[in-house]
Amino acid sequence: MVSLSKGQKVSLSKERPGVKTFLVGLGWDVNAFDGAEFDLDASAFMLGANGLCPTDKEFVFYGNPKHPSGAVESMGDNRTGDGDGDDEQIMIDLSKVPAGIEKIAFTCTINEADARGQNFGQVNNAYIHILDQATGEEVIRYDLSEDFSIETAIVVGELYMHNGEWKFNAIGSGFQGGLAALCAHFGIEVG
């Protein structure tokens, strides 16, 4: 298992030669607080060379849980984050990624953050890890240690194609403006 820090990259193709199906798990804990429950949502944006989603279908989330190619599928929406282990998971089949898709960005947002007065400063122990789907073995892990005091959305990490290899980049960059800001960043129009 490879443990990454922000900005580090690793070749998934070299870590697991020949393996094409992975589970990307995201997990978090919420600090003790009063008020509304936190509902964090994991999403995936399938991006072309220009860094944008070609169509709305390349934005995979609870409202569009599976890309038509079968390459990316959200495994469901956990509305509380209670319990140990992954809070949300996204299944990836690299053999089905359509031509023209060069990156898959994994993000996390807080549902209704503004209305509830919530931000990622109230969340801790956040992580992303990539599991070999067949064995369940953890291949790559990135624990987010940054303090996101005002952000309501985070690009956690991304899988990207480079010289014929799939690599993972630990990004950990925060956004204000929640899901709408992320969608705008990746070229998705929000109605």
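On a predicted model such as this, the values are computed, not experimentally measured, just so you know. We number each residue from 1, following the sequence as shown.
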Review point. Any side-chain heavy atom of Ile130 sitting closer than 4.5 Å to one from Leu12?
Key: yes

Review point. Does Glu158 have any salt bridge (Lys or Arg N to Asp or Glu O under 4.0 Å) partners at least two apart in sequence or in another chain, and if so, which?
Key: Lys103

Review point. Under 3.5 Å, side chain of Thr152 to main-chain N/O of Gly178, donor-acceptor pair present?
Key: yes

Practice item. Can you measure from CD1 (Ile90) to CG (Leu26) and round to the nearest 0.5 angstrom? Key: 6.0 Å

Point to revise | Residue that, paired with Phe120, satisfies side-chain contact (heavy atoms from CB on, under 4.5 Å) out of Phe175, Trp28, Phe148, Phe38 | key: Phe148

Check your understanding: Any side-chain heavy atom of Val123 sitting closer than 4.5 Å to one from Leu144?
Key -> no

Exercise for review: For side chain to side chain contact (heavy atoms under 4.5 Å, CB included), just list the numbers for Asp86 and Leu131, CA-CA rounded to whole Å, side-chain angles, deciding distance to a tenth of an Å, and then say yes or no.
Suggested key: CA-CA 11 Å; Asp86 295 345; Leu131 308 173; 4.3 Å; yes

Review point. Quick one: does Glu15's side chain have a donor or acceptor within less than 3.5 Å of a partner on Val139's backbone?
Key: no

Check your understanding: How far apart are the closest heavy atoms of Ile101 and Trp166, and which atoms are they?
Key -> O-CH2, 4.3 Å

Practice item. Evaluate the side-chain proximity of Thr107 to Phe186: yes if any heavy-atom separation is below 4.5 Å, no if none is. Key: yes

Practice item. With the side chain counted from C-beta on, respond yes when Phe106 and Ile92 share a heavy-atom pair under 4.5 Å apart, and no when they do not. Key: yes

**Study point:** Within-4.5 Å side-chain heavy-atom neighbours: Glu112 and Asp39
**Key:** no

Study note, to complete from the structure: When every non-hydrogen atom of His67 is compared with those of Pro98, the smallest separation belongs to CE1-CG, 3.7 Å

Check your understanding: How far apart are the closest heavy atoms of Met46 and Val72, and which atoms are they?
Key -> SD-CG2, 3.7 Å

Point to revise | Donor-acceptor under 3.5 Å (Asn119 side chain, Ser149 main chain) | key: yes

Review point. Looking at residues at least two apart in the chain, or sitting in another chain, which of them share a side chain to side chain donor-acceptor pair (under 3.5 Å) with Asp93?
Key: Ser95

Study note, to complete from the structure: In this structure, CG of Leu40 is separated from OG1 of Thr109 (nearest 0.5 Å) by 7.0 Å

Revision key, fill the gap. Asp114 meets the salt bridge (Lys or Arg N to Asp or Glu O under 4.0 Å) criterion, sequence neighbours left out, with none

Study note, to complete from the structure: Phe61 meets the ring pair (Phe, Tyr, Trp, His ring centres under 6.0 Å) criterion, sequence neighbours left out, with Phe59

Check your understanding: Should Lys9 and Tyr160 count as side-chain neighbours, where that means a heavy-atom distance under 4.5 Å?
Key -> yes

Check your understanding: How far does CD1 of Ile128 sit from CZ of Phe168, to the nearest 0.5 angstrom?
Key -> 4.0 Å

Practice item. Would you give the length of the straight line joining atom CG of Asp143 to atom CG of Asn124, rounded to the nearest 0.5 angstrom? Key: 11.5 Å

Point to revise | Pairing residues for Glu165 by the side chain to side chain contact (heavy atoms under 4.5 Å, CB included) criterion, not counting sequence neighbours | key: Ser11, Ser13, Lys14, Lys167

Check your understanding: What pair of heavy atoms forms the shortest contact from Ala105 to Leu47, and how long is it?
Key -> CB-CD1, 4.1 Å

Review point. Are any non-hydrogen side-chain atoms of Val10 and Leu4 less than 4.5 angstrom apart?
Key: yes

Point to revise | Those residues that, when tested against Ser173, pass side chain to side chain donor-acceptor pair (under 3.5 Å) (two or more places apart) | key: none

Check your understanding: Which heavy atom in Arg141 sits nearest to a heavy atom in Glu138, and how many Å separate them?
Key -> NH1-OE2, 3.1 Å

Revision key, fill the gap. d(Asn169 CG, Gln8 CD) to nearest 0.5 Å is 10.0 Å

**Study point:** Gap between atom CZ of Arg16 and atom CG of Leu94 - 0.5 Å precision
**Key:** 13.5 Å

Practice item. Over all heavy atoms of both residues, which pair between Gly25 and Gln89 is shortest? Give the atoms and the distance, please. Key: CA-CG, 4.1 Å

Point to revise | Sub-4.5 Å side-chain heavy-atom contact between Glu88 and Met75 | key: no

